[in-house]
Amino acid sequence: LEAISLENGWLNEIVAEALARGPLLRGVKTLDLTNCRAGPGAVDWLAGEPSLSACEDLSLADNDLDYTAASALAQSPWLANLRRLDLRLS
């Protein structure tokens, strides 16, 4: 699985934790979480997830993010391979 789109879904902390701990994210290159109502807690789970190390394209556009969430993404060693990070309207 190289691409996952949960656009317009619901990504709260519980769902993010389950996604992060499961096998789905391993090797994913494109993850689209546009308009998933993701908040800082959900993004913290994703930023700390080693299985996202292959991700090159991450969209968190149109979510409820703040400076803390953006900082967690920027500082995550697991997201070092990102070529595109979409935070529009977040």
Might you point out which heavy atoms bring R21 and E49 nearest each other, and give the distance in Å? N-OE1, 4.3 Å
Using side-chain heavy atoms (C-beta onward) and a distance below 4.5 Å, is L6 in contact with L19? yes
Could you list all the side chain to side chain donor-acceptor pair (under 3.5 Å) pairs where at least one residue sits in residues 4-16, not counting sequence neighbours? N8-N35
For the CG atom of L31 and the CG atom of D57, what is their distance to the nearest 0.5 Å? 9.0 Å
Quick check against the 3.5 Å criterion: does N81 have a side-chain atom that pairs as donor or acceptor with the backbone of S53? yes
For the hydrophobic clusters of this structure (ILVMFWY residues joined by side-chain heavy atoms under 4.5 Å, transitively), does one cluster hold both L82 and L1? yes
Is a donor on one side and an acceptor on the other found under 3.5 Å between the side chain of S76 and the backbone of L73? no
Please determine which of D64, N63, T34 meets the side chain to side chain contact (heavy atoms under 4.5 Å, CB included) test together with S90. N63
With clusters defined by side-chain heavy atoms of hydrophobic residues (ILVMFWY) lying less than 4.5 Å apart, directly or transitively, does V28 cluster with L24? yes
Under 3.5 Å donor-acceptor pairs involving side-chain atoms of residues 39-47, not counting sequence neighbours:
none

Measuring from T30:OG1 to L58:CG, what's the distance to the nearest 0.5 Å? 9.5 Å
When rounded to the nearest 0.5 angstrom, what distance separates NZ in K29 from CD in E2? 5.5 Å
Could you measure the distance from the CG atom of L11 to the CG atom of L60? Nearest 0.5 Å is fine. 8.0 Å
What distance separates S59 OG from L33 CG, expressed to the nearest 0.5 Å? 7.5 Å
Once you round to the nearest 0.5 Å, how far does CZ of R84 lie from SG of C55? 10.5 Å
With a 4.5 Å cut-off on side-chain heavy-atom distances among I, L, V, M, F, W and Y, is there a chain of contacts connecting W78 to L25? no
Quick check: closest heavy atoms across G9 and R37, and the distance to 0.1 Å? O-NH1, 3.1 Å
Kindly indicate whether the side chain of D32, heavy atoms from C-beta on, has any atom under 4.5 Å from the side chain of I4. no
